[in-house]
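What follows is a set of notes on a single structure, which appears directly below.
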Amino acid sequence: MLQGRTIGFIGAGNMAEALIRGLLEAKLVTADQVIASDIIEAKRQQIHLRYGIQTVTEGRDVGMKASILVLAVKPQDMEAALKGIAASVDQAKTIISVAAGITITFIAERLPAKTRIIRVMPNTPALVLAGAAGIAKGEHATAEDLQIAEAIFAAVGKAVVVEEKHLDAVTGLSGSGPAYVFLFVEALADAGVQMGLARDVARLLAAQTVLGAAKMVLESGRHPAELKDMVASPGGTTIAGLYALERGGLRGTLIEAVEAATIRSRELGRR
């Protein structure tokens with residue numbers, strides 16, 4: 001579905017680069033199908049040299065050449081970005097936004113009527129092609145637009161389709177979730193150090209343990225509780241550790257963290 005289509009990125013920051021890398025490595029597009037704009041010259045040069053794509057200074061130049069436009073600017077820069085591409089947008093183009101807190105309505109009000117808009121909430125592990133993204137379809141977007149967005153974000157990880165009203169929860173869970181996991185890995189590593197392991201050894205073991213456990217959830221199809229029970233033998237070391245986690249309220253604290261981040265995302269979206 002991307003054959004013969006030009007994909008344009010408004011903004012060439014980390015998320016745009018992750019998507020460009022993923023699309024090229026998956027051979028969904030070739031370098032001559034990709035164009036990106038950025039106001040920072042060093043960033044344009046870097047991404048051109050690294051991936052061989054065309055880069056330009058102004059978003060309007062991307063808007064004129066691309067049939068799929070990915071809005072990868074910071075939320076505070078979205079107003080100016082939309083103003084720059086508005087004249088080149090028509091009903092034949094697919095608009096995909098990855099800006100946190102920017103609603104489909106906000107975008108639609110600043111572009112021509114019946115613009116086909118998809119809103120996506122990705123996360124930072126997309127930078128290592130292991131991201132998780134929630135995708136929501138705008139009123140005028142087509143089934144093909146949705147398939148295009150799914151293909152793009154599947155190139156950098158996993159993607160699920162949700163209603164836009166659920167994107168704040170996606171933000172609270174997978175958008176902010178990597179920070180929770182980084183904290184968990186750090187704490188596991190610190191515990192290993194406390195028990196006598198070298199810092200680099202503890203960090204490697206902690207990170208690989210989280211990676212392996214996540215892979216088991218994704219690939220086994222089993223409920224996490226079932227996988228947990230497989231590790232926790234009666235009277236053993238794991239059940240002693242799990243008891244300590246339950247006493248410390250880990251489960252409830254994580255639920256509260258996702259809830260707090262979701263509420264904050266809703267607040268930012270109302271600004």
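- Between Asp145 and Arg116, at least one side-chain N (NZ, or NE/NH1/NH2) sits under 4.0 Å from a carboxylate O, which counts as a salt bridge.
- No more than 12 heavy-atom neighbours from other residues, nucleotides or ligands sit within 6.0 angstrom of CD on Gln194.
- A continuous path of ILVMFWY side-chain contacts below 4.5 Å connects Ile7 to Val156, so both sit in one hydrophobic cluster.
- Under 3.5 Å, the side chains of Glu259 and Thr262 contain no donor-acceptor pair of N or O atoms.
- Checked by atom type and distance alone, the side chain of Lys65 never pairs as donor or acceptor with a backbone atom of Gly8 at under 3.5 Å.
- By the 4.0 Å N-to-carboxylate-O rule, Lys137 lies too far from Glu163 to be salt-bridged with it.
- Checked for salt-bridge contact, Lys43 and Glu17 meet the test: a charged N lies under 4.0 Å from a carboxylate O.
- Within a 6.0 Å radius of CD in Glu139, no more than 12 heavy atoms belonging to other residues, nucleotides or ligands are found.
- Under the 4.5 Å side-chain heavy-atom criterion for ILVMFWY residues, a single connected hydrophobic cluster contains both Leu19 and Ile47.
- Checked for salt-bridge contact, Glu144 and Arg5 meet the test: a charged N lies under 4.0 Å from a carboxylate O.
- Residue-environment remark: CZ (Arg247) exceeds the threshold of 12 foreign heavy atoms within 6.0 Å.
- Around atom CG of Leu250, more than 12 heavy atoms belonging to other residues, nucleotides or ligands sit under 6.0 Å away.
- Counting all heavy atoms, side chain and backbone alike, Ala16 lies closest to Ala12 at CB-CA, 3.8 Å.
- Hydrophobic clustering of Ile, Leu, Val, Met, Phe, Trp and Tyr side chains at less than 4.5 Å, counting indirect connections, keeps Ile40 apart from Ile20.
- Of the possible donor and acceptor atoms, none in the side chain of Ser176 sits under 3.5 Å from a partner among the backbone N and O of Leu173.
- Ile152 and Leu167 fall into different hydrophobic clusters, where Ile, Leu, Val, Met, Phe, Trp and Tyr residues are linked whenever their side-chain heavy atoms come under 4.5 Å apart, directly or through other members.
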